[in-house]
Amino acid sequence: MKEIYLDHAATTRLDERVLQKMLPYFTETYGNANSQHAFGRAAQKAVDEARDKIATLIGAKPNEVYFTSGGTESDNWALRGTCNSLKNKGRHVIMTKIEHAAMLSTAKELEKDGFEFTFVGVDKEGFVDLEELEKAIRKDTILICCMYANNEIGTIEPIEEVVKIAKDHGVLCFTDAVQAMGAIDIDVKKLNVDMMSFSAHKFNGPKGVGALYIKTGVPVARLISGGHQERTRRGGTTNVPGVVGFAEALKLTKETLGKDVEYVRSLRDRFIQRVTAEIPFARLNGPKDGNKRLPNNADFSFEYIEGESILFSLDLAGIAVSSGSACSSGSLEPSHVLLAIGVPEETAHGSIRFTFGKENTVEEVDYTVEKLKETVQRLRSMSPLYEGKE
Ligand SMILES: *Cc1c(COP(=O)(O)O)cnc(C)c1O
């Protein structure tokens with residue numbers, strides 16, 4: 001039985017070298033980083049080193065890096081924390097229609113608390129409409145949120161321009177860089193963004209740990225109250241093995257970024273090229289220009305059939321993919337991202353996301369294309385919608 005993992009946007013395998021770095025912090029250096037004895041100091045030293053390393057790698061100052069439990073918490077914190085701290089200044093927030101559920105569902109809750117949101121549209125390839133975004137800015141706008149790169153269709157947003165628009169109007173700007181981190185060499189200072197979220201498990205680090213970058217002076221109320229951890233801005237005992245693993249994973253990712261990206265992109269391009277040529281009525285969602293989409297991402301809609309059926313058939317063949325986003329699968333709602341780029345609802349239901357990783361091989365890509373061809377053919381032969389189309 002083959003095991004082919006093509007769901008790297010959902011999570012990645014922990015790098016063995018990262019695991020080795022983490023292990024001593026479970027059983028040997030297990031102190032609480034806040035304790036005032038040798039055990040605590042040893043843990044604190046590891047946390048400080050991890051923070052320094054991460055800060056250097058993203059162009060931040062160490063005290064601008066706040067550890068969290070991952071991307072979802074960082075997104076929640078940036079949004080809720082800014083709303084809470086600036087509610088007397090204004091209660092209007094702008095975000096794109098294709099943000100991650102961590103943003104959109106937090107926005108829904110904040111709407112009930114009296115905050116107002118403008119959801120800015122995107123074009124057919126998922127790029128944010130910059131004109132619409134600028135026009136949406138009001139006197140009471142306190143925050144603009146635009147993800148760095150989309151987790152479903154891979155669109156890399158024109159984030160420099162979004163930041164510039166926000167700065168021109170004196171509005172804070174947040175970006176969810178969870179997907180971008182393993183694919184793009186990010187420098188927060190150059191970008192001049194106010195807040196950015198990261199998650200270690202998306203680039204071969206451990207699950208349950210991430211960070212929110214908060215530029216010095218940006219007022220963000222804390223989300224999690226408790227002790228004095230993270231310079232009193234985020235309570236809770238620090239996940240020492242987690243942050244050590246996070247720093248090591250980021251270091252390793254950055255060391256071979258260029259080479260890995262090139263390799264993963266070549267697998268992805270081969271896949272897109274073959275699927276487009278060999279499977280009729282397959283529509284690529286997201287940017288056609290491979291340099292403007294995440295190098296690991298290929299998202300297709302297969303007309304006249306259900307994405308879930310494709311997913312289950314591929315799963316039986318040992319191939320792991322995702323229908324829409326892992327977060328919305330389970331619900332039968334079509335993906336909000338596909339609807340935002342204008343994919344008709346029936347077509348959106350027939351969509352599958354393939355996300356490649358550096359562990360994948362050309363043979364796996366070719367095997368997947370063959371299985372996919374068989375599956376699509378078989379499902380269509382049973383589909384009344386497909387009759388007469390071939
Ligand atoms: C995975 C993901 C998240 C959530 O991160 P977790 O660490 O899994 O909570 C947020 N935003 C984007 C774009 C993601 O891909």
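Here, residue 1 is the first one in the sequence, and each next residue gets the next number. Computed from a prediction, not measured in an experiment: that's the story for all the values here. Side chains included, hydrogens not; waters and symmetry mates left out as well; all remaining heavy atoms used. Whatever order the structure lists them in is the order used to number ligands and atoms, beginning at 1.
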>> For Lys202 and Thr11: C-alpha separation, side-chain torsions, deciding distance, then whether side-chain hydrogen bond (donor to acceptor under 3.5 Å, both in side chains) applies.
In response: CA-CA 5 Å; Lys202 300 289 175 85; Thr11 195; over 6 Å; no
> Where the side chain of Ser322 meets the backbone of Asp7, is there a donor-acceptor pair that is under 3.5 Å apart?
Replying inline: no
>> Check this for me, if you would: do Asp187 and Lys189 make a salt bridge, where the nitrogen-to-carboxylate-oxygen distance has to be below 4.0 angstrom?
In response: no
> Any side-chain donor paired with an acceptor under 3.5 Å for Lys61 and Thr216?
Replying inline: yes
> Gln179 and His100: side-chain donor and acceptor closer than 3.5 Å?
Replying inline: no
Check: every ligand 1 N/O to protein N/O pair under 3.5 Å:
from: ligand 1; atom 1: 7 (O); to: Gly71; atom 2: N; distance (Å): 2.8
from: ligand 1; atom 1: 7 (O); to: Ser199; atom 2: OG; distance (Å): 2.6
from: ligand 1; atom 1: 7 (O); to: His201; atom 2: NE2; distance (Å): 3.4
from: ligand 1; atom 1: 8 (O); to: His201; atom 2: NE2; distance (Å): 2.8
from: ligand 1; atom 1: 9 (O); to: Thr72; atom 2: N; distance (Å): 2.9
from: ligand 1; atom 1: 9 (O); to: Thr72; atom 2: OG1; distance (Å): 2.6
from: ligand 1; atom 1: 11 (N); to: Asp176; atom 2: OD1; distance (Å): 3.4
from: ligand 1; atom 1: 11 (N); to: Asp176; atom 2: OD2; distance (Å): 2.7
from: ligand 1; atom 1: 15 (O); to: Gln179; atom 2: NE2; distance (Å): 2.7
from: ligand 1; atom 1: 15 (O); to: Lys202; atom 2: NZ; distance (Å): 2.8

> With sequence neighbours left out, what residues match Arg13 under salt bridge (Lys or Arg N to Asp or Glu O under 4.0 Å)?
Replying inline: none
